[in-house]
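One structure is given below, encoded as C-alpha cells.
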Amino acid sequence: MEVRTRFAPSPTGYMHIGNLRTALYAYLHARKNKGTFILRIEDTDQARLVEDSVKVIYESLRVTGLEHDEGPDIGGPVGPYVQSARRPLYKEYAEKLLKEGHAYRCFCEKHEKTENPAEEEHEGVILGYDGRCRRLSEAEVQEKLAKGLPYVIRQKIDHEGRTTFKDFVYGEITVEHKQLDDQILLKRDGYPTYNFANVVDDHLMGITHVMRGCEYISSTPKYILLYKAFGWEAPEHIHLPLIMNADGHKLSKREGSVALSDFLDKGYLPEAILNYIALLGWNPGTEQEFFTKAGLIEKFDIARIGKSQACFDEKKLSWLNGQHIKALKPEAAHALFLRFYPEKTQKDFDVVKLSGLIQGKVEKPSDIPPMVAFLTELDGNYSTELFINKKNKTTLEGSRAVLTDLQAILSALTAWDHAAVYGAVNSYAESKASKIGPIMWPLRIALSGLAVTPTGAIEIAELLGKEESLRRISVAIGRL
RNA sequence: GCCCUCUUCGUCUAGCGGUUAGGACGCUGCCCUUUCAAGGCAGAGAUCACGGGUUCGAAUCCCGUAGAGGGCGCCA
C-alpha cells in the first residue's frame, strides 16, 4: 500500500521547531517509501486565526526543502486541504454518527460539565462532561431544536470497558473508557474540533501513517473509537517523544528560541537544523551524525524512533551547523556570512577573502559581528597582559623587542600580501633562531588587541593593510 | 486528583540476557601549527533512577517505588 503521510499544522504565526520535526519525520517517511507527503492546514479555531500565518507555513517548508506533494497551494485528489473549506464534510459525518447512535446533540452551556456545578471541582479534581444530554428524549431534543437552541455534537462513549491500540513507537496503550468523556465533535459555530477533523480528514485523505507529538497519545483511544464507529480502518499511529527545553520543560515560546525563524535569523542553515532535530528522537543505528537531507531520506527508519523526551541543546546544533558550513562551497558560505558583516566591515575590507578565512571557524553566523569588530576598530585599551603567553614563552619585554624589530622590517616591505608578510616574519624568526610562535603571538596581539581572533596574525595583517598594521604595531610598542 | 508515558555520562544517544557499557556535543590535556580555532590523539565524566524478583548470569525480562513529562478545553 502506498505510504501517505501528512503534516497538519495550525496557522499560529510561527513554525515551532517541534512541529518542524514532526513535519520532517512525516516527510522523510513518505520520501523513504516513495509515498506522498501532504500538507493540510488545520484552521478550525476561528478565534485564534493569525493573519498571514499560512504563509509562514509555506515559507518554512520551502526554506527547509520539505516540499509537499499535495496541499492547499498545489491541490491534489483529496482536497480541499484547508479544514475551514471542508466544513460541510464534517457536518455530514457528524450527522452520520448522530443517526447511527454514536453521537448526540448537547445543549449545555460552555464549560457546563455536571448537573451540580459545585461538585465539579473538589480537592482539585476536574471531572469531564457527565453526558447528561445523552439522556434527553427524542421529544426533548426536538423541542429544543424547535426553539432554535444552539448545540454541539458529542461523541457517545460507552463508559464500560477499555480500548487498546498499538502505537508504533510506544507499543500497546490501554485506556479505560471511564477516563474518556464525551468529547465534542462539532462546535457550536459549526466547526469541527481538532480531534474530529483529524479522524475524518486522515481517513478521507487516505493517510496511512499518523505522526504527531506524544501529547496526543492519551486521546488516541477516542480516535480509535471514532474510526470504529465509522467502520473505518485506523491508520498506523506513530507518536513522537516531545522536545524539551534545556531545563527539562516543554519547549515553549517564552523560553528563548523555539521558532524556526529564530534559528534562521541566527544563521543556522536549514539543512543543519533538519539534521539536528532529526537526531532528537531518532538515530540511524550507526555512529553517523552528519546528514544532508538526502542522507536522511536514505537512512531514516521509523523503527528507530526513540521513546524518551529529548532536551534541545543549542551547543550541539551550533557544532553541527559548523560542520555544515565547512561543507559549503566558499561562495555559499560567503553568501551566508554576508548577512552578518557590519556595514563598515563590508565597506573597508575584502569580505570575500574574509569569508574564506573564517569559513572553517564559524559555527553560528550571528557571532560574526563581535568576531570581526576588531578589524574596523582596535580597542586601544586592551590589557598588555595579553602579550604574556606561557606556551610561547613571551614576555612584555620580549614582545616589545619583537615588535620593534618587526616594525622596521615590515615598513620596509614593498609588497603587502600573504607571502611577503609571512616571508618577512619567518626570516626574522630564523635570524633570531626562534620558532615562529613566539614571534606570531605578540604580532597578533598588537594587530587585534584580542586573545582570540578568527584568523591568524599574517591574515589579519593582510586584511588590515600595511598602514593600519604598522599603526597598530606602534600603538602596541607605545603601550609596552 | 485521575489516567497515560518515559527514566543509560551535564546533554543527544548506542545497547535489545554474557560488552573493559560504545559514539557525539560540551569540558580538560597533549600533538601539530601562522596564537586561538580547525585537525589529530588522549582523558575525566554513567554504582545504567531506586528496591525487589526471574536467571548460572540483568542496563536488557517481571513487579513495585520514586522522579520527570504529557493528557483530562466548544485549543490544537
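Every chain is numbered from 1, with letters handed out A, B, ... down the list of sequences.
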Q. Stepwise, does the ring pair (Phe, Tyr, Trp, His ring centres under 6.0 Å) test hold for Tyr90(A) with Tyr191(A)?
A. CA-CA 8 Å; Tyr90(A) 307 120; Tyr191(A) 279 87; 8.6 Å; no
Q. Is the base of C3(B) touched by the side chain of Lys178(A) through a donor-acceptor pair closer than 3.5 angstrom?
A. no
Q. Expressed in whole Å, how much space separates the P atoms belonging to G45(B) and U34(B)?
A. 35 Å
(Q) OP1 or OP2 of A76(B) versus the side-chain N and O atoms of Thr44(A): is any pair under 4.0 Å? (A) yes
Q. If you take atom types as modelled and just measure distance, does the side chain of Lys316(A) reach the base of A24(B) with a donor-acceptor pair under 3.5 Å?
A. yes
Q: Specify the separation, in whole Å, of atom CD1 of Ile358(A) and atom P of A38(B).
A: 15 Å
Q | Polar side chain donor-acceptor pair, His177(A) to Asp158(A), under 3.5 angstrom | A | no
(Q) As a test of reading the structure: which of C4(B), C25(B), C36(B) is closest to the side chain of Ile217(A), going by heavy atoms? (A) C4(B)
Q.
Please report the distance separating the P of G1(B) from the corresponding atom of A38(B), rounded so that it comes out in whole Å.
A. 49 Å
Q.
With rounding to the closest Å, how many angstrom separate the C1' atoms on U47(B) and G39(B)?
A. 37 Å
Q.
Between Asp52(A) and Lys55(A), does any side-chain N to carboxylate O distance fall below 4.0 Å?
A. yes
(Q) Between A68(B) and G29(B), how many Å separate the two P atoms, rounded to a whole number? (A) 36 Å
Q: Could you give me the CA-CA distance, side-chain angles and deciding distance for Tyr382(A) and Ser448(A), then say whether side chain to side chain donor-acceptor pair (under 3.5 Å) is met?
A: CA-CA 9 Å; Tyr382(A) 60 84; Ser448(A) 67; over 6 Å; no
Q) If only side-chain N and O atoms of Arg105(A) are considered, is one of them under 4.0 Å from the OP1 or OP2 phosphate oxygen of C74(B)? A) no
**Q.** d(OH, Tyr276(A); C1', G26(B)) in whole Å
**A.** 12 Å
Q) When rounded to the nearest Å, what value does the distance between C1' atoms of C30(B) and G69(B) take? A) 42 Å
Q) Considering only the C1' atoms, how many Å lie between C9(B) and C48(B), rounded to the nearest integer? A) 10 Å
Q) Can you tell me how far P of C25(B) sits from CD of Gln323(A), to the nearest Å? A) 8 Å
Q. With respect to the phosphate group of U13(B), does any side-chain polar atom (N or O) of Asn283(A) fall under 4.0 Å of OP1 or OP2?
A. no
(Q) Centroid distance below 5.5 Å plus an interplanar angle below 30 degrees: do Tyr422(A) and U34(B) meet both conditions? (A) yes
Q) Can you tell me how far P in U60(B) sits from the matching atom in C3(B), rounded to whole Å? A) 26 Å
Q: Establish, with yes or no, whether the OP1 or OP2 oxygen of C6(B) is under 4.0 angstrom from a side-chain nitrogen or oxygen of Lys307(A).
A: yes
Q: Both distances under 3.5 Å, Watson-Crick or G-U wobble: report the partner of U65(B), or none.
A: A49(B)
Q. Between His324(A) and Thr292(A), do the side chains contain an N or O donor and an N or O acceptor separated by less than 3.5 Å?
A. no
Q) How far, in whole Å, is U54(B) from G17(B) if one measures between their C1' atoms? A) 11 Å
